[in-house]
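Ligands are counted one by one from 1 in listed order, and the atoms in each one are counted from 1 as well. In what follows, every heavy atom counts, from backbone to side chain, and hydrogens, waters and symmetry copies are set aside. Keep in mind the model is a prediction, meaning the values are calculated, not measured.
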Amino acid sequence: MAALKRVVDSRWLFHRDISRTSASRFFKTSSSCRTVMPAWVIDKYGGNDVLRFTKDARFPIINYPNEVIVKVCAAGLNPIDVSMRGGYGASTMSMKRDPLNLKQKENEFPLILGRDVSGVIMECGLDVKYFRERDEVWAAIPPWKHGSLAEFVVLSANEVSLKPKSLSHAEAAAIPYVATTTWSALVNTGGLTKDNCAKKRVLILGGSGGVGTFAIQMLKAWGAHVTVTCSQNAERFVRGLGADHVVDYTAGPVDVPLAALDKFDLVLDNVGGSTERWALNLLKPWSGAKYVTLVTPFLQNTDALGIADGMMKTAATVASKALKYLVKGVHYRWGFFAPSGPALDEIREMVDAGQIHAVVEETFTFAQVPQAFAKVENGHARGKTVVQIDKWDT
Ligand SMILES: NC(=O)c1ccc[n+]([C@@H]2O[C@H](COP(=O)([O-])OP(=O)(O)OC[C@H]3O[C@@H](n4cnc5c(N)ncnc54)[C@H](OP(=O)(O)O)[C@@H]3O)[C@@H](O)[C@H]2O)c1
């Protein structure tokens with residue numbers, strides 16, 4: 001049923017080329033006359049000191065008939081928010097926001113960060129059939145859009161999903177970005193599904209952070225055997241989430257104990273760096289086994305070389321690595337976050353069935369956003385950092 005209604009929502013694709021002015025006839029009249037809202041913004045890239053609280057951030061508007069405005073109850077932070085605060089990905093994000101570069105820097109700042117949202121729909125574009133005002137929803141916000149460290153955010157209905165009933169907003173805000181990234185990496189890139197995981201051996205490099213804690217739970221819900229690397233002091237924590245085997249990466253070169261284990265069907269790499277030198281040797285050769293890394297130089301390349309040269313370099317790098325490992329019988333892949341309401345629909349079912357729990361390490365108030373950034377920047381995550389924006393008052 002959900003899938004059927006999502007097809008109706010996807011009609012927005014046919015309206016994508018309409019201008020803002022001509023598009024206005026597709027929308028309901030805004031229920032709000034507000035033009036400004038409270039938000040944390042940045043006006044330039046830098047350290048934590050560039051975060052600025054304002055009561056006068058521009059109120060989001062519906063630009064396309066498939067969009068919804070969500071009142072933010074809780075926001076989740078991810079390492080990408082800290083990186084974007086410092087300018088990471090700026091070239092690619094500017095290109096996505098303004099493909100023809102018509103406004104140049106004009107719409108880059110003030111920029112609102114925050115990739116996870118749990119909240120309540122306040123207004124729907126006219127093509128939105130799957131959601132109604134006052135629906136409680138969750139979503140992962142693409143990095144080229146304004147984020148959730150604000151009272152309201154505008155999103156495509158295709159990015160949004162009904163929130164799990166079993167979770168509070170603060171808990172729900174801990175899941176969407178890491179969940180849709182994990183889904184994209186394991187399902188879309190890695191080829192795993194709930195029906196083919198039962199006998200698979202999966203290794204997660206970096207199991208104690210946001211992505212790792214979600215990936216362990218999803219893979220265990222699908223019946224995989226899960227091995228995890230993490231610090232010694234996180235061993236009990238990841239075992240509590242279901243990890244079958246844990247290897248302490250702080251005890252010495254981690255590839256040595258891993259090489260003594262049976263080979264794996266898939267390696268999910270949340271760590272990067274030197275891991276590529278040995279992790280592909282841990283895969284079962286000539287069996288379709290895949291190494292999927294989330295730590296890629298794609299945005300560094302476009303930041304350093306510009307869009308065209310950066311993309312050329314990226315394509316050349318990934319193609320040569322994929323070829324190098326293909327002749328050894330294993331698959332080398334890069335995984336990326338992909339916004340997806342339908343993926344969150346499936347994840348909601350696992351959450352409400354008790355198969356996946358929110359792993360909230362620390363919750364901050366809206367006034368404490370700089371402290372929340374400092375927490376994420378400090379690293380050593382054990383799950384997720386969440387900001388409580390507002391308690392929705394019915
Ligand atoms: N490509 C994409 O679209 C995409 C999307 C999401 C995330 N990512 C990337 O994926 C990575 C993981 O994201 P995340 O949200 O899970 O980050 P996170 O919440 O900060 O977690 C990172 C975890 O890795 C652990 N760790 C650090 N070094 C390690 C090592 N050598 N071996 C094993 N564990 C180690 C850290 O704990 P200790 O330091 O205490 O060990 C921490 O628990 C980040 O680099 C992020 O940028 C990429």
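Counting only distance, with no hydrogens or angles, the side chain of Thr302 and the backbone of Gly310 share no donor-acceptor pair below 3.5 Å. Listed for the Gln368 side chain is no donor-acceptor partner under 3.5 Å among the backbone atoms of Phe364. Of the possible donor and acceptor atoms, none in the side chain of His169 sits under 3.5 Å from a partner among the backbone N and O of Ala74.
Salt bridge status for Asp345 with Arg348: present, with a side-chain N to carboxylate O gap under 4.0 Å.
Put simply, part of Thr181 is less than 4.0 Å from ligand 1, judged by heavy atoms. Residue contacts with ligand 1: Asn78 is excluded, as none of its non-hydrogen atoms falls under 4.0 Å. Heavy-atom distances between Val295 and ligand 1 reach below 4.0 Å in at least one pair. Ligand 1 does not have Ile80 within reach: every non-hydrogen atom of the residue lies 4.0 Å or more from it. Contact between Gly379 and ligand 1 is absent, with no heavy atom of the residue lying under 4.0 Å from the ligand.
Set against the non-hydrogen atoms of Arg382, the atoms of ligand 1 under 4.0 Å away are 37 (O), 38 (P), 40 (O), 43 (O). With ligand atoms numbered from 1 in the order given, ligand 1 contributes 13 (O), 14 (P), 15 (O), 16 (O) to contacts under 4.0 Å with heavy atoms of Val211. Using a 4.0 Å cut-off to heavy atoms of Gly335, the atoms of ligand 1 that qualify are 1 (N), 2 (C). When each atom of ligand 1 is checked for a heavy atom of Ser231 under 4.0 Å away, the hits are 38 (P), 40 (O), 41 (O).
Annotation: atom 22 (C) of ligand 1 to nearest protein heavy atom, Gly209 CA, 4.1 Å. At the top of the distance list for atom 35 (C) of ligand 1, counting protein heavy atoms only, stands Tyr249 CE2, 3.5 Å. Scanning the protein heavy atoms around atom 10 (O) of ligand 1, the nearest turns out to be Leu294 CB, 3.8 Å. Distance from atom 38 (P) of ligand 1 to its nearest protein heavy atom, with residue and atom name: His380 ND1, 3.4 Å. Distance from atom 12 (C) of ligand 1 to its nearest protein heavy atom, with residue and atom name: Asn270 O, 3.6 Å. The protein heavy atom nearest to atom 3 (O) of ligand 1 is Phe337 N, 2.7 Å. The protein heavy-atom contact nearest to atom 24 (O) of ligand 1 is Gly206 CA, 4.3 Å. The nearest protein atom to atom 25 (C) of ligand 1, hydrogens excluded, is given as Ser208 OG, 3.9 Å; this is a heavy-atom distance.
Among the candidates Ile62, Val154, Ile121, Val137, the single residue satisfying the side-chain contact (heavy atoms from CB on, under 4.5 Å) test with Val68 is Ile121. Residue Asp265 forms a salt bridge (Lys or Arg N to Asp or Glu O under 4.0 Å) with just one option from Lys199, Lys200, Lys284, and that option is Lys284.
With no hydrogens or angles considered, a side-chain donor-acceptor pair links Lys384 and Asn78 at under 3.5 Å. Side chains of Ser118 and Trp138: no donor on one and acceptor on the other come within 3.5 Å. Looking only at atom types and distance, the side chain of His245 has no donor-acceptor partner in the side chain of Thr227 under 3.5 Å away.
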For Glu159 and Ser156: C-alpha separation, side-chain torsions, deciding distance, then whether side-chain hydrogen bond (donor to acceptor under 3.5 Å, both in side chains) applies. CA-CA 5 Å; Glu159 293 156 358; Ser156 153; 4.6 Å; no
Step-by-step ring pair (Phe, Tyr, Trp, His ring centres under 6.0 Å) determination, Tyr45 to Phe109: CA-CA 10 Å; Tyr45 298 118; Phe109 298 117; 4.9 Å; yes
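The cluster map of Ile, Leu, Val, Met, Phe, Trp and Tyr, joined by side-chain heavy atoms under 4.5 Å apart, puts Trp144 and Ile141 in the same cluster. Under the 4.5 Å side-chain heavy-atom criterion for ILVMFWY residues, no single connected hydrophobic cluster contains both Ile389 and Val360.
Contacts of Pro79 with ligand 1, taken as heavy-atom pairs under 4.0 Å, involve the side chain alone. Within the 4.0 Å heavy-atom criterion, neither part of Trp334 lies near ligand 1. In Lys384, neither the side chain nor the backbone holds a heavy atom less than 4.0 Å from any atom of ligand 1.
Remark: among candidates Ala234, Pro143, Ala381, the nearest residue to atom 43 (O) of ligand 1 is Ala381, based on non-hydrogen atoms. Closest heavy-atom approach to atom 19 (O) of ligand 1 among the candidates Gly210, Ser83, Gly207: Gly210.
Ring-plane geometry between Tyr325 and Tyr332 is classed as parallel, the angle between the planes falling under 30 degrees on a 0 to 90 degree scale with a further cut at 60.
In terms of polar-atom proximity, Thr296 is not counted as a contact of ligand 1, lacking any N or O under 3.5 Å from an N or O of the ligand. Not a single N or O atom of Tyr177, backbone or side chain, sits closer than 3.5 Å to an N or O atom of ligand 1.
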